[in-house]
Amino acid sequence: MATKEQQDIDPFAAVESLRAALAEAEIVLPSLSVDAASPELRLVELGRVRSDVAVRLAEVLQRGGCR
């Protein structure tokens with residue numbers, strides 16, 4: 001169950017924060033956006049990525065950050 005703090009996070013701000021963090025790692029998720037179909041849930045759509053981008057993202061996460 002989501003806490004009150006988690007429910008208060010603006011999904012547009014979350015998208016921009018994630019986009020900036022990914023850019024630092026030189027990763028682009030072209031479909032990254034707010035899910036407009038269910039605004040009350042505040043969902044972030046990560047979208048589809050090529051397999052090489054998925055592997056790069058996994059490598060960055062496993063290392064714990066940027067290069």
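Only this structure's heavy atoms are used, side chains among them; waters, hydrogens and symmetry mates stay out. Numbering starts at 1 and runs along the sequence shown.
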Sequence neighbours excluded, the answer for side chain to side chain contact (heavy atoms under 4.5 Å, CB included) partners of Arg50 is Asp52, Val53
What one should report as the nearest heavy-atom pair of Ile27 and Leu57 is CD1-CA, 3.6 Å
### Query
Does a side-chain heavy-atom distance below 4.5 Å link Leu46 with Leu18?
yes
Practice problem: Find out whether Val49 and Val28 are in side-chain contact, i.e. whether some heavy atom of one side chain is under 4.5 Å from a heavy atom of the other. | Solution: no
Check whether Leu22 and Leu61 end up in the same hydrophobic cluster, where Ile, Leu, Val, Met, Phe, Trp and Tyr are linked by side-chain heavy atoms less than 4.5 Å apart.
yes
Just by distance, do the side chain of Arg42 and the backbone of Ile9 share a donor-acceptor pair under 3.5 Å? yes
Heavy-atom nearest pair, Ser31 first then Gly47, reads CB-CA, 3.5 Å
Please tabulate, for side-chain N and O atoms in residues 34-41, each donor-acceptor pair with protein atoms closer than 3.5 Å (sequence neighbours left out).
from: Asp35; atom 1: OD1; to: Ala37; atom 2: N; distance (Å): 3.0
from: Asp35; atom 1: OD2; to: Ser38; atom 2: OG; distance (Å): 3.3

Would you confirm whether Arg56, through its side chain, and Ala25, through its main-chain N or O, come within 3.5 Å as a donor-acceptor pair? yes
**Message:** Please determine whether residues Phe12 and Val44 belong to a single hydrophobic cluster, defined as Ile, Leu, Val, Met, Phe, Trp and Tyr linked transitively by side-chain heavy-atom distances below 4.5 Å.
**Reply:** yes
